Amino acid sequence: MNGAIRPLVAGNWKMHGSLARARALAAALRRAADGVAAALLVCPPAIHIPAVAEVLAGSAIALGGQDCHPAAEGAHTGDISAPMLRDAGASYVILGHSERRSQHQESSALVRAKAEAALAAGLRPILCLGESEAERAAGRAEEVVARQLAESLPEGFAAGGGVIAYEPVWAIGSGRTPSAAEIAAMHGFLRRQLRAGWGEAGAAVPILYGGSVKPGNAGAILALPEVGGALVGGASLLAEDFLAIARAAPGG
Ligand code: 13P
């Protein structure tokens, strides 16, 4: 943890829940969030953002999207733009999640264009990167994330409040995580890459860890050097678990 900066605990709700469940989850978080020291962010399915924004209005819990189109508007059936997310109440957007990279064939060049659109709309991009199990087994984890970082990060990312999320693909939804030493090593590596490529601005970019973060492992993960918070999937769908993770953060 970088002691000067509040940890960010973000929930990626993915394509889960009904409108009623989204409202109920947001309301439960709102009721309990006051005593939590970590900064909290929830990223519901886009169609639920306006309702969740209504429930969270006036609270300290921030809202984010899970993806955006690189264009501000246009003939793009089914897509949602960064200004639309902003309009609906989001201040962050998750980009380049491995589920989008693999299920929608998103390249790092496309992720970079989306991050540029997010910054232009005043959204803070949360840029996801991470290696597959085969890449880690082949000793290529650092090479893979370094390339994703170099190819996905746009100009102005740090100044626009950009956040990195290291999510090893094999740890997502699997109940498996890298060891504490492996997480610390990768976050240290990412910090050195950010410093080398982006100087002082790169030194301040928060680096979240994501992949099977649960109440039981959150304290150990969030205490590691250069871990600036967590991006939580499954456990963010239960208010109790999400709040327990947030409370496990240093200072929480
Ligand atoms: P899980 O926490 O369910 O492993 O998901 C992590 C994730 O993909 C967050 O973006």
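Every number for a ligand or one of its atoms is a count from 1 in the order of the listing. The shown structure was predicted, so the numbers you read here are calculated from the model rather than taken from an experiment.
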In terms of residue, atom name and distance, what is the protein heavy atom nearest to atom 2 (O) of ligand 1?
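Here the closest protein heavy atom is G233 N, 2.9 Å.
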Which residue and atom name correspond to the protein heavy atom nearest atom 9 (C) of ligand 1, and how close is it?
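Going by distance alone, atom 9 (C) of ligand 1 is nearest to E167 OE2, 2.9 Å.
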Would you say the side-chain atoms of S236 pair up with the backbone N or O of G233, donor to acceptor, closer than 3.5 Å?
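Here the side-chain-to-backbone pair exists.
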Is the backbone of A203 close enough, under 3.5 Å, to the side chain of R195 for a donor and an acceptor to pair up by distance?
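The answer is no, because no donor-acceptor pair under 3.5 Å joins these two groups.
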Which of the ligand 1 atoms, numbered from 1, are nearer than 4.0 Å to a heavy atom of [X]:
X	value
G173	1 (P), 3 (O), 4 (O)
L231	9 (C), 10 (O)
A171	4 (O)
G211	4 (O), 6 (C)
H97	7 (C), 8 (O), 9 (C), 10 (O)
N12	9 (C), 10 (O)

For ligand 1, is there an atom lying under 4.0 Å from some heavy atom of S212?
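The answer is yes, since S212 has a heavy atom less than 4.0 Å from ligand 1.
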With a 4.0 Å cut-off on heavy atoms, is K214 in contact with ligand 1?
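No heavy atom of K214 comes that close to ligand 1.
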Within-cut-off N or O pair, S174 and ligand 1, under 3.5 Å:
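No.
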Could you tell me whether G234 and ligand 1 have an N or O pair separated by under 3.5 Å?
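Min N/O separation from ligand 1 is below 3.5 Å for G234.
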I need the L95 CG to E116 CD distance, nearest 0.5 Å.
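CD of E116 is found 11.0 Å from CG of L95.
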Under 4.0 Å, heavy-atom basis, I'd like to know which part of I172 is in contact with ligand 1: side chain, backbone, both or neither.
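Both backbone and side chain.
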Among E143, E182, E142, find the one that has a salt bridge (Lys or Arg N to Asp or Glu O under 4.0 Å) with R136.
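Exactly one candidate clears the test, E182.
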Under 4.0 Å between a Lys/Arg side-chain N and an Asp/Glu carboxylate O for K114 and D67?
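Salt bridge present between K114 and D67.
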Could you label the plane-to-plane angle of the H187 and Y166 rings as parallel, tilted or perpendicular, counting under 30° as parallel and over 60° as perpendicular?
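The rings of H187 and Y166 stand perpendicular, inter-plane angle above 60°.
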Heavy-atom side-chain proximity of P154 to L119 below 4.5 angstrom
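A side-chain contact under 4.5 Å exists here.
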Let me check something: any side-chain donor-acceptor pairs from residues 33-42 under 3.5 Å, sequence neighbours excluded? List them with distances.
none

Within the 3.5 Å criterion, strictly below it, is a donor on S108 or R101 matched to an acceptor on the partner's side chain?
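Yes, R101 and S108 have a side-chain donor paired with an acceptor closer than 3.5 Å.
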